[in-house]
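Within every chain, numbering begins at 1; the chains are lettered A, B, ... in the order of the sequence lines, protein sequences first and strands thereafter. Just so it is clear, the values below take in all heavy atoms, side chains as well, and ignore hydrogens, waters and symmetry mates.
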Number of protein chains: 2
Amino acid sequence: MEKIPTIKEIAKRLKVNASTVSRALHGHPSIGLVTTMRVNKVANELNYERNQTAIFFKQRKTFTIGVVLPDFSDAFFSSALSGIEDYASKKNYNVFVGQSLENPDKEKSILDTMKNHRLDGIIISISKNTTDYEVFNQLKKYNIPVVFFDRIPDMEDIHYSACNLQSGMLQAVDCLVEKGHRNIGLINGPLHLGASKERLAAYNKGLNNYSIAINTQLIVSSDLSADQNYRAMRQLLSLKERPTAVIAFNDYVARDAMSLMKKNDLVVNRDISFISFANSPIWSFMDNSPMASIEQFPQKQGVKAAEILFELIAGRNEETSSAPAFNQVIFDSSMVSHHGKRI
Amino acid sequence: MEKIPTIKEIAKRLKVNASTVSRALHGHPSIGLVTTMRVNKVANELNYERNQTAIFFKQRKTFTIGVVLPDFSDAFFSSALSGIEDYASKKNYNVFVGQSLENPDKEKSILDTMKNHRLDGIIISISKNTTDYEVFNQLKKYNIPVVFFDRIPDMEDIHYSACNLQSGMLQAVDCLVEKGHRNIGLINGPLHLGASKERLAAYNKGLNNYSIAINTQLIVSSDLSADQNYRAMRQLLSLKERPTAVIAFNDYVARDAMSLMKKNDLVVNRDISFISFANSPIWSFMDNSPMASIEQFPQKQGVKAAEILFELIAGRNEETSSAPAFNQVIFDSSMVSHHGKRI
DNA sequence: TTGTAGGCGTTATCAT
DNA sequence: ATGATAACGCCTACAA
């Protein structure tokens, strides 16, 4: 194992001062051309690489952002991460990641670590069970900007990029009612989630637009586990007036519900039409997918979060912005039909 | 913006030496109980958090690994990332990520950055077009262990975790031949990829096992773009003796090929049976998915890569291991039928 | 144009 | 049990 070359080493060999080397490597104008070239030559020979850890330490800037998401293996989050990484790398920023796996303790520890690392900023989609927001105030104290993404805590004065579920839900209801459906089921998520409340409110509003009375039996919910997804669908199937259409909390819920239909010899989108909030990019190309998806554009949302974050990072450096404008961008979700996609 | 508290600040307030504070915060036994408590008290009051950038710099250790993958939005890689992150976090390591997007230049620049950051180790799945392996030698010089994952460069003396495609392919051929298929098509990827060569060799071997002559017309390839996927399938459909079964390079290829079948009023798995190498975790639950998938267990592979990497990191610290054993773990891929899964 | 010196926050090694 | 000091690698005012 060779010793890793440093500026000092280069300086020693050239019998010049370390600061001269430092300046030469940066192309500082005051350093003579000959010296600069000699320095670069030796640097190349030694395979010198600057030590970022030293630079971070000195400059109190890491050129690194943190991204905390519940689960990278979820297509929704991974495509967001993909967009964020791409954006950050174009800004010459690095990306540090953590996944909470819906565990608030792990989330907290990730955020603590990121705080200790003095990251320049953080994008986070909080876990389902996060109730303690103290850590976010901490981050504010440490002057580390935070942008929330998709899953927003109930706090004021925060920056976020999220998606308005109502627009997509209304489009879905419109679409179904136009096709003649009146018994529209909703398999919702756990009601303590804001996302579930939003879906329910929009569902109610949608039916209300057509003066269709709300039938509470048609509204079931699941904790999003497979078992409960099945149970919820079973509940709908057992109704006297079985729904002719179902809107599912997300694709995974739809998948399980559709599985159950098959088990009962029912055909998806013939016996019961399905629409689900989108996670999976694959379904739009499948035959027996839901009839339509309600898209939330995770990648776009992620990139927007990154945009906001980089504005904040830039603003922080300037120290000029006295008025803390809170960037709160809300995209409209949108229903996308799966008929005749792509080919 | 408050000033971020440091050890010095605590020391000043308590009128003790900084080293005392440092030791107290670490629970060093030589520090008196009273002092330790006083230090902790003030540290809490000031919301002191240790500055990792300083520690990294001083200790020449970052407790951070880098993960470089072609595309986070690909389910195969994102589930690997999920496994790696989970494993690393259990070892109290942080994860730095980069996605090459199949661009060797970007890949190189990511690796350079990681080298500059003095990461403790790197897991990488190289881009399709990477031909210059010099950077990996560089990393070796910097004593940064590298474990390759799934996409392995043609180098000696490397560590990797990969997947043997042959076993799954043979199972697929077995399965199809047993069902009476003799005309089995192969939609392969670009032939310069090792992954394509492996598939082809295994395909040939599989047919050979049954003394079925290779019909080169049944072997088509695509650069994995949608257009070429369609073209490849069109080619197969236009044959006089159209295949009764098709094995596809991966799920995305299968998706497009299956789309084309639908367009031609052919029914998947009735008119032509499909088996594809797995990317998408969703398909095993769908009705009109391929008949079976050949699983490569990305998460398991990723975790194994992480295991190898952490062994290397541990070994590097000890400086004892004189014999550089190269960990090269190869999983068997395995065909998984999609009939009656999960429910 | 180049050298000198000080410091970023922490910790290890002395000494007391 | 605690203090003093130096060092990690780099950068930058200031001096020359």
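- Of all heavy-atom pairs between Thr62(B) and His117(B), the closest is CG2-O, 3.4 Å.
- Atom CD1 of Ile31(B) is separated from atom P of dA12(C) by 13 Å (rounded to the nearest Å).
- For Asp71(B) against Phe77(B), the heavy-atom pair with the smallest separation is O-CB, 3.5 Å.
- When each of dC8(C), dG9(D), dA12(C) is scored by its nearest atom to the side-chain atoms of Arg60(B), the top-ranked nucleotide is dG9(D).
- Spacing between atom CG of Asn17(A) and atom C1' of dC10(D) amounts to 12 Å, rounded to whole angstrom units.
- In this structure, Arg118(B) places its CZ atom 14 Å from P of dC8(D), rounding to the nearest Å.
- Listed for the Asp120(B) side chain is a donor-acceptor partner under 3.5 Å among the backbone atoms of Phe63(B).
- Each of Lys58(B) and Thr36(B) was assigned the nucleotide of DNA chain D with the nearest heavy atom; the assignment lying further toward the 5' end belongs to Thr36(B).
- Using a 4.0 Å heavy-atom distance criterion, Ser19(B) is classed as a base contact.
- Rounded to whole angstrom, the span from the CG atom of Asn51(A) across to the C1' atom of dA7(D) amounts to 14 Å.
- Picking from dT11(C), dC10(D), dT2(C) the nucleotide with the shortest atom distance to the side chain of Thr20(A) gives dT2(C).
- A donor-acceptor pair under 3.5 Å links the side-chain atoms of Ser79(B) to the main chain of Ala75(B), judged by distance alone.
- Comparing atom distances between the Ser30(A) side chain and each of dC11(D), dC10(D), dT1(C) picks out dT1(C) as nearest.
- Separating the CG atom of Leu33(A) from the P atom of dT1(C) is a distance of 10 Å, rounded to the nearest angstrom.
- Atom C1' of nucleotide dC8(D) and atom NZ of Lys61(B) are separated by 16 Å, given to the nearest angstrom.
- Between dG9(C), dC10(D), dT11(C), one nucleotide has an atom nearer to the side chain of Ser22(B) than all others, and that is dT11(C).
- With hydrogens and angles left out, the side chain of Arg23(A) and the base of dG3(C) share a donor-acceptor pair within 3.5 Å.
- Note: Phe310(A) and Tyr87(A) have tilted aromatic rings, judged against thresholds of 30 and 60 degrees for the angle between ring planes.
- Atom CD1 of Ile55(A) is separated from atom P of dG9(C) by 17 Å (rounded to the nearest Å).
- Counting any heavy atom pair closer than 4.0 Å across all strands shown, Phe56(A) reaches no nucleic acid atom.
- For the OP1/OP2 pair of dG7(C) and a distance below 4.0 Å, the side-chain nitrogens and oxygens of Lys8(B) include no atom meeting the criterion.
- For the pair Ile7(A) CD1 and dC8(D) P, the interatomic distance rounds to 14 Å; values are reported in whole Å.
- Contact between the side-chain N/O atoms of Tyr48(A) and the OP1/OP2 oxygens of dG9(D) is not found at any separation under 4.0 Å.
- As judged by a 4.0 angstrom heavy-atom cut-off over every strand, Thr35(B) is placed among residues touching the sugar-phosphate backbone only.
- For Phe57(A) and dC8(C), the ring-to-base geometry satisfies the stacking test (centroid distance below 5.5 Å, interplanar angle below 30°).
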